[in-house]
Structures are given as structure tokens and as C-alpha cells.
Amino acid sequence: MVKRFLILLVLVFFVIMLLPLVSDIQPQTELNPLAKKYVKDGPDELGSANLVTSVIVTYRGLDTLGEVAVLFIATAGVGFMLRRRKGSKTNPQKKRESSEILQTGTALLTPLIFLFGIYIFLHGHLTPGGGFQGGVVIASAILLSMLSFPQSEINHKILNAIESLSGVLYLVIGILGIYLAAGFLDNRILPLGDFGRLFSAGAIPVIYSLIGLKVGSELVGILDSMQRSDS
Amino acid sequence: MAVFGGIITFVGSIFLLLGALGIVRMPDVYNRMQAGTKATTLGILLFLAGIAIGHIECMCIFRILILILFIIFTNPISSHALARAAHHIGIPLTDKSVTDALAEDESEKEEAIS
Amino acid sequence: MTLVSIIGFVLIIVGLWGMLTQNNIIKIIIGFSIIDTGIHLLIVSIGYIKGKTAPIIDSVLLKTDAVNQVVDPIPSALVLTAIVIGLAVTALMLVYAVNLYQRKQSLDINDFEELKW
Amino acid sequence: MVNPLYLFIIALGTGFLLSLIDKLYRSVSLILFYATLTAMLGIAGQWLVEIMRGMEAVVIYTAGFQAPYSINLRLGMEEAVFVFLANLVGLLSAIYLFNKFRHSKVNAMVLFLMMILGINGLIMTRDMFNLFVFMEITSIATYALIGINRNTESLSAGFKYIIAGGIASSFFLIGTIYLYRLTGTLNIDSMIASKELIAGNAGFIALFLALSAIVIELKPFPANGWALDVYQAVDSGVVAVIATASSAAMFFVIYKLMPLLNITMLDLLAGIGGITFVFSNLVGLKQKNAKRLLGYSSIAQMGLVLTALSLVMKGSCGIPPKNLLIIVVGGLFLNHFLAKAGLFWLAGLFKEQDTDKWSVIRRNPLLLFIFGSFIFALVGLPPFPGFWAKWELILYLAKSGQHFWIFTILLGSFLEAIYLIRWLISVVKDTVEQEVVLSFQKILPPVLFMIGLYNAGFLMIINYYSFNPLFFAPLMVAAFFFGIDWLPTKFKGIFTIAVIGAFAYHVVPQLDGIYQIFAVLFLGGGLIQLIATLQASGKRTGFYPFVIMMFLSLGILLKSETTLQFFYAWELMTVSSFLLILRGGKARNHSLLYILFSLAGAYFILTGFAYAFAAAGDINILSITNITAYSSVIYTFFLVGFLIKTGALGLHIWLPGSYAESEDDVSPLISSILSKAGIFGMMLVAGIFGKSLFGKIEISAALGWLGAITALIGTLMAIFQEDIKKLLAYSSMGQLGYMVLSVAMLSHLGWISALYMSFNHLFFKALLFIAIAGVISRTGTRNMCEMGGLIKRMPYSFISVLIAIIALSGVPPLSGFGSKWLLYTAGIERGWYLQTAVAFFASTIAFLYCYRLIHTIFLGQPKPKFKEIKEASLWYLIPQYILIMAIMAISMFPNLIIEPLAAAVNNYFSTTIDWNGYTVISSLGYWNGNAVMYVTMGVFALPLIILILTQRRPQLVKQFNIVFAAERPDRPETTHVANNFFAPYQKALGFLAYPYATRFWSAVSEWTQTVASLFRQIYTGNGQTYALHIILYVVVLYFISGGR
Amino acid sequence: MINGIIIVLGIIMIASAFMAIYMRSLLSSIIAAGVISLLASIIYLLLAAPDVAMTEAAIGSGLTTVVFLYAFNKVKGRGEDNHG
Amino acid sequence: MKIFKQGILLLLFLLLFWVLLTSIDSQELIAGGVIVILLTLVFSRKAAVFGDFQITFKSLIYSIAYIFVFLAALVRSNLDVAFRVLSPKLPINPGIVKVKTSLNSKTGRLVLANSITLTPGTLTVETKGDHFYIHWIDVSTQDVDLASQEIVSKFEKYLEVMFG
Amino acid sequence: MADILYNTSAVLALIAIILAAWRLLKGPNVADRVVALDVMTIISISLIVYVASIAQRVIYLDVAMVYALISFIGVVAIARYLERGL
């Protein structure tokens, strides 16, 4: 009880400390110069209709690379920390089969969700979404199969290959930026195309596709290691 | 057109509200699911349709169509999965229930095994 | 938007409270994800400008007009990264929780005090 | 030139590919992994070289846009160094972990690579949010790697780490986003340019939050329990990276953000660092687990570096002098970095981490050497970078008037020294052993880092201080002697003597005045006494290197032209003598006391030098003479420092033990030569500041009293000793008291007597110690009452002792008389009658122990068990007789020595004595050594002849036969006449000899321990509590820093 | 209107946060935590950040919950979560 | 042949979905075409359920008819449930009953189950072979055949044609 | 007129969310909460579509689609967890 009171006290002081962040900061009424530059020049410079995407993929591309790395690390870490169950035969508890309806539904929906995921990351420069969201959607398609068919195994070789190769390709595109364009991760290695259409914004769709594949396979990796590990 | 859409939307929202009320009022999980899946599915169907009709100029009709189809298709599946799970882990039916054929069959099966 | 900032801060505080008062490791992790959500709200609220729309140029938002019409795209970009990172940390924390549970069959954080002083 | 971005690209690329390749071939993935780390190191190294050669710092823009629009990286001097070090430690740790990597999943390698990648990014990026991303990359990779050992401890530690790291990154994110809101940019440089935008309240909080996050990652004192658990539990190879490279990166982030901070925040940072430094070290005192101990030390060191950086930055308004920054911050950092990584690596060799179970190290000279080097580096001894850094830091602090910080930093350093050296001693002395697993890849990294440490230290000397090559001699020659340590003792001993002789031949003529006098005293005395060490047989590993180091450092002490050189030599001397003392069989606790007191003394001296520098503006020793300001303070600091070395009363408790428990042929070196270094220093400063007053008290007068009382108490304590070497040790303390007294007189005669006594003491005490060493070598005991009647067996030793005690006690005709005469004369001349009386009283009661020495050991009845013993080894006798001859010479011809002494002292005081042939004439009387000798010889010769003639057949009675006639006592030895010989006097004078000082110091020690254990109660081991600590810490810091 | 929605959603979110903390059953806690993210993503949309909304919905609410579930699968004697 | 059929069906479905998502645009169609073909190749083996669709004119007619039947049922069910929710006494009489279906194709069964779930007061809880276990909010009969008649048959006759 | 209708609908939807949240709070068991969650997400989708309509942005509907997908998978996952099929 004393501890709780102490915590409460600390948090009260913490709130007092944070108060100026709310009280002293007026809501913005205009973009700051940096954002203005992005909004004004972004569409012409990078050709991406979604300005958030242009910020994510190009202007702050290193962040995104880091983000991909973080997810990659998480996958590796989760796989590292969880011991994989040896062989599915020694599985101690039998998992309950999913219902037939769910299985059928899954079979019907999976390709559609897949396509939807691809749509999201391929249109990252035109509509909301992008590699991460698309990757999550793809991962959730596979998650759905994992839920419906818990005994089925994921082909790890293919998963690994997709993960590795898409990551490496992303890097290669980044490197190409150094030599073909103005800098690392510059998307202008490909022509900018017609603004607002699918094949535009230089390498952004390619990059986002690769990120999408990578994120998708990484998330599947996380889920898979969590599912298959010893419990 | 906009007003027509508005009315449809309004009806849809009433169904949504009813569905929500249903899950508050109903006595057990299965009955709540009845209210939840049915009323809300129709509700959202109408709500979305209304908005699509009301904003016909914005070209959102296709997306809303996809959305509606998706919801109609998935919502019963998830409800079913949940009901199945709830029954499996033995969440009881309300006292008002008159029969439970599934539970009977299950127990018969178990007896047969043992 | 101040309102959302306040919600964000409240969530941060509530998350902290949960993290500090709950003994269950999973609850602590949940506290963390609440804090994360609060922070994300905060970041997005920073970039919002009243009455403006999303920085995505399409048929209703013209390129030439965008500067006066859109909200700041940078916080959105940042929060995206933050969300992914949050997922990574959460996953790792959960794996830790699983591993810890396997050692001691307990999720009480007070049971993991073997190192001290 | 390879684009630095390739550091990230190849790390990531390899990371991505590793798991794929690993599915095919394990060995290929291993090779690829190491190749990548090597390549990263290569890139970093290439940039380091280029930038060292004078290349401009490069800024790397990504995405082809200029700075504020895209993320940019910077690679300048500082970045290059840090990146290089991080990659180096990465590669070496990877080599260290080779077996782990080979046998665990490929994910371990991936995670390791990513961790290194994150560290690189942290160092290079110039963007706030990118910083956050890299912070997370590093942290998450670390969290996962912590699981490389799957025991409960490391898992729970890892979880605590995640909680702390999560809170920290949350804070950082909040701070960053508000900084963005206020400045409109995320680029650090742009933020600095628009610093005024964050001057407000909200800006302060935002900056504070971001900063506190990084501070938390640096593990500040009360909010760091999680870090300690990590240090303790996690695999050594990983921890080495966490403790060094990760911390370094975080530290560098603070460095990057520093231009954003205002003075308040710099003060805050300094405070954080200072508290961390002192308290972590304090708590570390109670620690027994090696890795946790290292953890405390790491945290403390990072605190120190942080403090140093903040103080330097603060004092120079953001643009610090580059050299200062490099030496102080760079030195401290490098020191910590290399030593700590090395120690963590060493820790990984052991299964059990109790600090007293590491003794196996001593079997392996290489390991012992590495370990010792690291420990000494951390303690801050020369030639390691930490030494130079500490010197510059203290000087800087003194100059900028930050007195409190001097105290704090030295206190912290002292506390750290306590546990580190205690550990070293326990490694050398303990016998509990355990298995170690040695393999090439586990030894290589620490060896490389040790070499790096030495190199860094020497590079610092070469680059920043123009040292005479002579100043490298102690270390170089010692290293050489380590190299030839496999040779037999005799050869090494003779070689040592030859080297010292050559050194003396080289150095002595270059000196003048009292410098020369002391040079003769140190080196000449050493030459004679070292002959005694030739008696040892076998290899005597690790003896001569330290001996020679000690003598050469004594030599260069006299050669120093700057205060830095003086301090350098002083520290070298301290450490070498400590290692010599440590060799003694039971020297465990005593050597600890010795080094601690010596270090404390050295810190006092350092402080003195620092204030002298502040007052004089120069580190040239000569410039000290011009100081007028603060002279009393400076004087006091110096005096305390030097008095510790001479073992003045109250500061003496290290003395008896170290003198007595060191090896028998080391004791004379320590007692008769080393202690004179204190006298030398005292004369040096007394000559300059002697007249200064402290308030209204004349400091020198107090010093005089202290000397007199020391003489009295030392003598008294000597009387009641049963242990022969302890007796001699206390006697030395008393003798040094006389010298202090006479130095304090600040008169011509006083100083002559001080110098004369120094020589005299050198001769007779060395003689005594060597003679006693011979006796002990035969009897095997140091307990006087177990000896007796040895005169028959060891006549030559007897003669030595006899001569020595005559010289000691100050009776005519030997030199002791002259010294006492000079002392009393000087005292009376100065008007210090009371002090002189005390000294006189002391010198009178000195007869008591002199008598006991000769009586108990040599006279009386021989013990049955010593019936057959032989005379001491010839190697003991040779130096004895040389010394006897020296005593005779200066007794007969005092002007042989007094003349040069007087000439030397003339530089300081106008002469008050005259010469007339062999007669010294002072204002109070005269003394002719020749005449005294003849008269006394005559007086003594007559009774001796009579005695010899009359006592033809002395009757020998068995020792205990009287007792056997009646009943048998429980402990027959207590009936021996020599047992508790001076019990009657104890009643009269015992209260004076009561160990007040010992009681005082042990109370201090106990109290410190209590405080330490009190403070460590905050480390409850509960991750949640630690989280609360962090938040509490941040809140408290905020309100301290005067937010609002 | 927008403010109204935000206030209502905010209150529900905060209530859910408390629920997440104080629910005895871990599964319920997780559901509550998922609700927070779900509602947050509506707020993001109101703040004109559809990208974030999508991400928060997909990751914050969906994937995180699933990861939690997989973790629960291994930590609790299963079945005791069913009630409460 | 079967695989070919289901592949074609899958491809058509996906293409339709893509077009609905992206509207008609040459670039979108090119990209979409490639992606859809790739996806079809990947999923064609697993997409057996798509093969259940009968591609006949009759089934098309029935499908359209079914939509209306279903919508009508949906509205009715909702009004029913709304009434039950709103009435203060909560007039329910729930229970789980067993019904029998003659549908064989998986998709047919899925659509049937979904339709049941979405219509008046019924919720598919479990399927076992031919039997569906239905939670019924207003149990009027516990007999399998009668219940089947009441709940299943109105959909079944359309679905039998549509999915075989 | 139309705007009033739309806004009223949104308010009703909000009330519905509150009701669902009440069920979420009350329980009494996990399945009830999941039902509440399900209902909440469905109502939320309607809110999202409403937001898209007032902001006049079609692209917001993509969010709604992801939302629907995620809620479906979330509920299925919880259900599978409950019946020990995860």
C-alpha cells in the first residue's frame, strides 16, 4: 500500500513535470519550413503522391532501413530465444482441429487477403499504407492459415529465401542510389513516371514491395517461431 | 440522393445501436452473439451503403462494396468460430435454454470412448 | 491537437501506473504497450493542423494546393517507425516472459529477484 | 575511400543473408560473419587513419538531399575514433565468442552483427529520430543476445533491462517529438542552430526528457540496478560489448547533444556523473562477484567520463581546448574502454565469479600480467591513459576553481582503487582455485587490449608531453626484466645492480643540491642493499622487475622538471613498491593498507600540484617557487601526502605491517630508502611554502610537533613488539619522526640534521634489517622470544646488529650520536625546546628496544632447536659490512658527509655552522667525530678486556630446567625472560602506545562499509522497483534542475 | 463533431487502459489493450493520418494481440483464462 | 482439369477483386495481371474450394435469386432480433439444435453456415459431417428433421445448384 | 439535412460503441468480451467510413478494409486460442 502511494506520488510529480508540454504548446496552424519543403517539392522531386511515403522511403529512408532492421532483429531474437520443438510427432498436446467452416473460409480468403496485401504495398505511393502495412496483411493471411491448419508446416526455406533476398535487394537498390542517383536510398534511380499512377515515383513501389515481402516474411517468422516452440 | 443515403445510414446506425444494445441485454454469450452478428451486420451494411449512395460522386462505391462483401463473408465465420470455442470450453448456456444437442452428443461420444 | 495530446499523456501515465503496480509480467508488458499507444497518439497529435487533410495527393487534393491543405507528414512517418519498433519490443518481451515462465512456472516479477545488491 | 554507409550496408546485408546461407553451410556463414566484422573494422580503421592524417570531417547525406531534409551522418575525428573502437571491440568479442557462435543458432551471429551496426549508427547519425531508431536496434539486439546464456539469472536480468530500456526509449521519443515541434527539425545541427526556440519551459522539458533517456542508458547511480544484473548475469563476450561499446555510443550521443544544453543541464550532467562515480564505487566495496564488481566499476567509470566531459564543456563555454578534451575525456574513456572490455573477457574464463576464487590466474604469468595491467589502468596509475587524464582533469578543475569536484573525483577514484586492488591482492594471495578454460580465441582479445592500453598511454606521453626518454626507463627496463625473468636469480640480481649502477652513474652527476644528495641516498643505498637479494635461490619470478622499477622511478623522481613528471615518478614508485611488498607471505592486508594510504597520499600530492598549477599557471617545478596565493592550502596538501609516505602519527597504520610483512630482503629497501622519498618531497615543499600560515598557526610548527610525537610514539610502540621486524618497523617510524621534526625546523642546521639522519637511518636500518633477515633466514621465526643465544652461532650478524643499534641509539661514538647532536642543537637553536625534549625522551627510551634486540636475540641461552644453525648467508653479510664501513666512515669523518649536505642546504638557508678540520661548530657547541670515536673506544675497550679476562668459563644452564624442577607450566615459553619483556613499562607508558590511530581508521573503514551496504539496499533485484527508480530519478532530477 | 468523437473514444480508451491493467484474466486484459489500439486508429484517421491508422490497426491491434495470444499459449496452465 | 478450373476461377476472382480495388487503368491492369497470375500459380493447388462453383447459366440465375432470398432473410432476422432486444421482457427461448444438410461441397456448406448465422436467431456452433449444430434463439422444435426444414432448406435448394 | 442525418448516425454509432464497451467491461467471461470487441470493431468500421465521408477522402477506406480484416483475424485467433487450437 505504501508502495502504491509512493508510485502515485511519483506519477503525480511526473504529470506536473509534463504539464508544460500540454499547456505551453499551442496547436500548429501552419506547416513548419521542413514539412513545407516536403509538401511543396516532394511530389515533383520524388513523384510520390503519398507524402508520408516519400518521407518514409526516401527523405528518411535510413530510418526505414533501421525499422526493417529492427523487425529483422526481433525475428531473429524471437527465433533465438525460443527453442524449436523437435519434430511435430513428439507434440505433447494435441491441438483441437479448427472447424470445417473456418477451414473453407480460410481457403477462400487467403488468396484475396494476399492480393490485398500486395495492393497495399504496391500502392504505397498513391494510397495510405505501404510496405509495413502490406507486410502485416500478408502475414495475417498466413496467420489465418496457421489458425485454421495448425499442424501444417510453413516452408522455411522459401520463407528464409524471401526474407533474405528481399532484404538484400532493398540494400542493393539503396546502393544503386549512391551511384545512379544522388545518394543512398534515393528513389530516383528509376524514372519518376506519370504522377499519380502506379508506375511512378521511381523506385518507391519497388522498395515498398521489397519491404512488404520482407516484413511479411519476418512477421510470419515471428509467429511461426512462437507457435512451434516448446511450451 | 444525399438525403436518401442519409436515411439509409441512419437506419443502419439504428441497427448498430440495437446490436450493441443486444449484447448488453442478452443473457448469455450465444444470444449476445446472435444480436452482435446479425444486427450489426445489417447495420453496417446499411450504414456503408447509405454513405456510398450519399457520396456517389467520390467513386468510393467499389471499395465499399468490397468492404461489405468482406464483412458479410467474414463476420459469420468469426462468430461461428467464437461460438464453437465458447461451447468447447464449456461456457454455459443461459438458464432459459431449452436444449443443448451438441453437449449431449459430445458427452455421448466421450462415454463411448471411455 | 491538444485534446489528443492529453489522451496520449493520460494513456502514458496509466500505462506507467500499470507497469509499476502490477506484479504480473504480462501485465507489465501490457502496460508498456499502453504507453506506446499513448506516445503514438502524442506524436500524431503534434503533426495535426486543424482543418487540414491527409498528405496524400489525389483527385480531391491538388499538388499545387497541397501546402495549405495538408497536415505535417513527418510525425506520421515517425510514428510508423515507432509502431513497428513497439511491436518488435513487445514480441521480445513476450518471449522473455515465456522463457522466464519456463524456468520458474511463475509470472510474478517478484519471483525473479535472484540477482541483487 | 569506402563510403561509411557501407558499414551499415554490409552489416545488414550479411545479416539478411546469414540465415539463408546457414541453411546450406555452417562454415560459410561463420566465415562470412567474421569477414563482415573484419571488413567493418577495416572501413572504420581506414577512415580513422585518413582523418588522423588531417582529412576534414565528412558529412554523408542520404537520399541525395542536404542536411535538414534528409538524414545525414557525420564522420569526423571523434566519430572515427568511437566507430573504430566499437568495431574493434565487436570483432574481438566475436572472436571471443567463437565457440558460442559455432554451436548456437545462426541468429546469435545475426543479432551480434545488428548490435554492432546499431552502435555504429548511434555514433554517426546526426538526426534525433534516427538516433532513436539506432538506439532501439542496439537495445533490441542486446535484449535478444542476453539470452545467449539461457539461465534464469540472465533471463531475468534481460527482462529488467528491457523494462528500463523501454522506459528510456519512451522518454526519448517524447522528448524528440516535442523538440521537433518546437524547432521544426529533427536534425541535431539545425536544432543547435535554432537553439533559442527551445529556451522555453516546454523546450526545457523536451530536451530534459530526451537527455534523461540517454542518461538512463548510461546507468546513473540509483537508477541502474538492471544494468548491474545484466553485467553480472550475461555472457562475458556480450557484456564486454554492452559495457564498453554500447555505453560509449550512448556517451557519444550525449556529447553530440551537448551544444544544445545550457549551463544548468551541464551542471546536472556533471552531478549525475559525480554521484554515479562515487556511489557506484562505494557500493562496489561490498561486492564479491567479479562481474558485478566490474559492473559497478564500469558504471562508475562512465559516470566519471560524463562528469569530466560536462565539466570541461561547462568551463569552456562549449568550445573546449581540443587537447584538454582529448586527454581528459579521451583518456578516461579509452582507459575504461580497453580495461573494462579486457576484464570482462577475462571474467568469462571463470566458471565461478567470486572475486576470491580467481587465484588460478597467478599460475599463469600472462594472465596475471594482463589482469594486473587492467587493474592498474583502472586505478589510474601510469603509464595508462587514465593517469594522464586524471592529472589534467584535476589540474583543470583546480584552475577553474571547482574545488568540490576535485574532492568528489578523488574520493570516487579512491573507493574504486580499494576494491580493485583488494581484488588484485586476493588473486595473488588466495589459494582457492577453480577451473579455467583457456583457448586462443579467448586470450587474444584481452591481450590485444592490454597492448592497446600501454600503447595509448605511451602515445599520450609522446604526443602531449615532451618527456625526457629517461622517464620511460622504469617501465621499459621493468618490461625488459620481465622478458628475462626466466634467468636465474643471481644473474638477474647482478644485472639489476649493474643497471642501477649505470643509471646512477648517468643521473647523479646531472643533479645538484639536495637532489644529488637524495640520488646518492636512493641509488647508492639501493646498490648496497641489493647485494643481499642475491642470496635467494631459484628464479624469484617477478621480483627484479619491480625492484628495478622502483629504483629507476626514484631516480627519475629526482630528475623531474615538471610537477607531472614528479607525480608520474611518484606513482610508479608507489606501485612498484606495492608490488614488492605484496610478495611477502602474509602481506595481504598490509599491502592493501600500504597502497591505499599511498594512493591517498598521492591524491593529496596531486591536489597540491593542481592548486600549485592554478596559482602558478605552469607545471614547471621551478615555477612553484613563485606562488604566493593559497600557499598554506597547497602546503598542507603536499604535507599530508608526504607525511603518509613517512608514516607520520595517525597516518602510520600501514607502516608496521608493510615493513614487517614484506620479504626479508625487501624490508630494508622499503624502510630505509623508500620512506626517504617522503622526506625528499617534504623538503622540496617546505623550502618553498615553509613559512606559510594556516590561520594563525604556523604549519611548520605543527609539523614539527607531529614529527616529535611520531618519534615518541613510534619508539614506544617499538618497545612493546614481540615481532622483531615489527619492532624495526616502529623504530623506523620513530626515526622518520625525528627527520620530520628537523625538516620542520626550516633552519640550516635542522635540514642538515634531517639529511644526516636520513643517511644514518639508511645505514643502520638497512644494516639491522639485513642482519635480521639473515637471522630469520636461519631461525625461521620472527618472534624474538623464541630466539636467544645466537651470538655463538651467528657472530658476524651479532656484530652488525651491535654496531647498528649503537648507531641508532645515538650514543657515542658512532654516527647516531652526531645525528642526535645535530638535532638537539638545531632544535635549541630554533627555540623549540619542548619538541626537542620530546625527541630526547624518545631517543632515550629507544635504548629499551635496542637493548632488547641485542639481548633477546643474541645473548642469553641458545634454544635447543637453534643449536645447529649456521651463520647467515654470505650475501647477507657483504652488504652488512659495507654498511658498517659506511657507518664507521661517517662516524669518524663526519665532514665527509656533512660538508656536501651543508653545501646543498646552503641553497635554502644561510649557513650557521662552521668547520674546523673534523670539527663541526654550531652556535651552541662543537662536535668532532674523530675525537668522540677515540675517546669512546678507549672508554669501552678497557672494560671489555677486563670482562674477557675474568669471565673465562661461563656456565651454561638449560633454559627450562628450573621450571622442570617444579611443576610444568602450560606454556613454558611465557616463563622466558624475553617474553613480554617490557611489561612493566606497559603500565606506565602503555596508554601512549594504545592504537588510537588503528581504531580510528578501522572505524572509518567500518563506517564506509556500513554506508556501502546501506546504499546497496536499493538494488532489490526487482525489475519493477528498478523501473520506479528510473522514473523517480528522472522526476527528482527535473525538480533539482529547477524546471519550471 | 470531431472533438466529440475524440472525447468519447478517448474516454473509452482510458477506461480500456484501466481495464487492461486491472482485469484479472490476462486474456481480457489483452482484449482491452487491443481495443485501445483499435480506437486509437480511429483517432489517427481523424487527425488525418491514414497511414498511421492503418499501421496501428494492423500491428498495434491485430498482430500484437496475436503475439500475446501465442505467448499465453505457453505461459499459463491453459483454460483458467476462460472466466472472468 | 479440376485444377485448371479452380485456377481459372481463382484468377477471375482475384482479377475482379483487383479491379474493384484499383479501378480501370492500363498500368494497374498490367501489374495486377502479373500479380494475379503469380498468385494463382502459387495458390491453385490449395484453392480447391474455388472449384466448387458451378459455371452454368442455371447457377448464375440461382445465385442472383439467392442474394435476394438471403437479403430478405437478413432483414427479417434483424427485425426479429431487434424486436427481441427492445422488448423489455427479452422474449427468448434459446437452445442448440441439430440439423441435417445434404450439401457436399465445402463452399456450399460454408455459405450455408454463414447464411444460417446471419439469419433469424440462428448461429452455427459446430459442424459434424452432415449435421450442423445451431444455436437457435427461439427453439420451436428439437427434432432434427423439423429443425432442418425450418432453418436449412430454404437456402439449401439454391446452394445445391450453385455449388453442387 | 443529409449532414444532420449522417452526424446523427455517427452519434448513434458512438453510443453503440459505448454500449459495447460496457459489455467489454462487464464480461462476465472472455467470450463475452470478444463479442463486444467484435461488435466494437464493426461499429468502428462504420465510424471510419463516416470519417472518410466527412473528410471527402476515398483513400481512407483502405484503412477500413484493413480494419475489417484485422478484426476478423483477431477474433478468430482468440477463438482458436480459447479452444486450444492455437
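Chain A is the first sequence line, chain B the second, and so forth, proteins listed ahead of strands; every chain is numbered from 1.
The candidate with the highest count of non-hydrogen atom pairs below 4.5 Å against chain E, out of C:K52, C:M93, C:H40, C:Q105, is C:H40. Here C:L41 is the residue among C:L100, C:I56, C:I43, C:L41 with the most heavy-atom pairs under 4.5 Å with chain E. With respect to chain C, the highest number of heavy-atom pairs below 4.5 Å among E:I7, E:L45, E:L9, E:T55 belongs to E:T55. The choice from E:S37, E:A48, E:A20 that makes the most heavy-atom pairs within less than 4.5 Å of chain C is E:A48. Ranked by heavy-atom pairs under 4.5 Å with chain E, the first of C:T37, C:I7, C:V14 is C:V14.
At a threshold of 4.5 Å between non-hydrogen side-chain atoms, the residues C:V71 and C:T53 do not count as touching. Side-chain contact between C:I35 and C:I39 is present, with at least one heavy-atom pair separated by less than 4.5 Å.
Legend: residues meeting side-chain contact (heavy atoms from CB on, under 4.5 Å) with C:K27, ordered by chain and number and at least two apart, are C:Q22, C:N24, E:L26, E:S29. In this view, C:D58 and G:R57 satisfy the salt bridge (charged side-chain N to carboxylate O under 4.0 Å, His left out) rule, not counting sequence neighbours.
Looking at C:I34, the atoms closer than 4.5 Å to chain E (heavy atoms on both sides) all sit in the side chain, from C-beta outward. The contact between E:F68 and chain C is made by backbone and side chain atoms together, counting heavy-atom distances below 4.5 Å. Looking at C:V10, only its side chain comes within 4.5 Å of chain E, counting heavy atoms on both sides. Proximity to chain C is limited to the side chain of E:A33, based on heavy atoms less than 4.5 angstrom apart. C:S76 touches chain E through backbone and side chain together, each having a heavy atom under 4.5 Å away. Looking at E:L46, the atoms closer than 4.5 Å to chain C (heavy atoms on both sides) all sit in the backbone: N, CA, C or O.
Here the closest heavy-atom approach between residue E:V75 and residue C:V98 is recorded as CG1-CA, 3.7 Å. Minimum interatomic distance between C:G86 and C:D36 (heavy atoms only, all atoms of both residues): CA-OD2, 3.5 Å.
The existence of a salt bridge linking C:E114 and C:R103 is excluded, since no basic side-chain nitrogen approaches an acidic carboxylate oxygen closer than 4.0 Å.
Within the cation-pi definition used here (under 6.0 Å to the ring centroid, within 45° of the axis), E:K74 does not qualify as a partner of C:Y101.
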